[in-house]
Amino acid sequence: MTFCDDIFYIAEKNDECVVDNAHENEVSHPSHYVALNPEPITFIRDKDYLTGSALKYIFRAGHKGGADENVDMGKAAWYLRELVNEQGGQTVIAILRGVYWDIIDRQLAPAGRTREVRDRLTEFMSAISHDHLSDYIPEEK
């Protein structure tokens with residue numbers, strides 16, 4: 001695979017480039033993240049895997065076309081529960097508080113996103129404090 005003018009190409013045996021129809025932006029800046037300003041990667045780049053994964057789902061919940069917001073919230077809770085098991089509830093609450101202030105400092109746009117994400121982070125901090133993260137995770141059938 002080679003890159004040519006922001007489009008991925010697949011080289012055939014005769015070394016000719018053939019368009020794969022996958023634009024780089026669909027890979028590095030999918031629409032359900034570009035609509036979130038700033039993109040979640042801004043906040044998760046320096047986080048560990050569990051924290052970053054939880055934050056990704058918290059940020060995108062309700063914004064990925066056709067995806068159920070509750071599914072993303074359940075995924076976020078699953079990662080947070082794993083993080084609590086690994087690091088303890090107080091540490092995870094401190095991590096989320098740090099993200100909370102980071103969001104305020106960066107001033108999410110549109111302005112309503114700040115409140116939306118702050119509310120979700122506050123909700124998860126409360127769930128961690130009361131050991132209720134499992135309430136967000138659907139039971140397996």
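Given the structure is predicted, the values throughout are model-derived calculations rather than measurements.
The shortest side-chain heavy-atom distance between Met73 and Phe124 falls under the 4.5 Å cut-off. Taking 4.5 Å as the limit, every side-chain heavy atom of Ile58 sits out of range of all side-chain heavy atoms of Asp72. With contacts defined as side-chain heavy-atom distances shorter than 4.5 Å, the pair Leu96/Ile128 qualifies. Taking 4.5 Å as the limit, every side-chain heavy atom of Arg97 sits out of range of all side-chain heavy atoms of Leu121. A heavy-atom distance below 4.5 Å is found between the side chains of Arg60 and Lys75.
The residues Arg120 and Glu69 are annotated as salt-bridged, a charged nitrogen and a carboxylate oxygen being separated by less than 4.0 angstrom.
Of all the heavy atoms in Leu133 and Ala77, the pair that sits closest is O-CB, 3.7 Å. When every heavy atom of Leu83 is checked against every heavy atom of Val92, the shortest pair comes out as CG-CG2, 3.6 Å. When all heavy atoms of Ala54 and Ala76 are compared, the closest pair comes out as O-CB, 3.6 Å. Taking both residues in full, the closest heavy atoms of His132 and Tyr136 are given as O-CD1, 4.0 Å, listed atom of the first, atom of the second, then distance. For the pair Gly74 and Ile137, the tightest heavy-atom approach, listed with the atom from each and the gap, is O-CG1, 3.7 Å. In plain terms, the two heavy atoms of Ala61 and Glu116 that are nearest each other are O-OE2, 3.9 Å.
Residues forming a side chain to side chain donor-acceptor pair (under 3.5 Å) with Asn70 (at least two apart in sequence, or on another chain): none. By the side chain to side chain contact (heavy atoms under 4.5 Å, CB included) test, Arg118 is found to be paired with Tyr100, Ile104, Thr114, Arg115, residues two or more places apart in sequence or in another chain being considered.
Summarising the geometry, atom NZ belonging to Lys47 is positioned 13.0 Å from atom OG belonging to Ser53; distances are rounded to the nearest 0.5 Å.
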Steps toward side chain to side chain contact (heavy atoms under 4.5 Å, CB included) verdict (Arg113, His63):
CA-CA 11 Å; Arg113 288 276 303 147; His63 293 278; 2.9 Å; yes
Take Tyr49 and Tyr79 through the side chain to side chain contact (heavy atoms under 4.5 Å, CB included) test and state the conclusion after the steps.
CA-CA 9 Å; Tyr49 178 77; Tyr79 282 105; 3.4 Å; yes
Chi angles and distances behind the side chain to side chain contact (heavy atoms under 4.5 Å, CB included) call for Ile95, Gln87:
CA-CA 10 Å; Ile95 290 168; Gln87 297 191 17; 3.7 Å; yes
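Atom CG of Asp48 has more than 12 heavy atoms from other residues, nucleotides or ligands within 6.0 Å.
Residues Val117 and Val71 fall into different hydrophobic clusters, defined by Ile, Leu, Val, Met, Phe, Trp and Tyr side chains chained together at heavy-atom separations under 4.5 Å.
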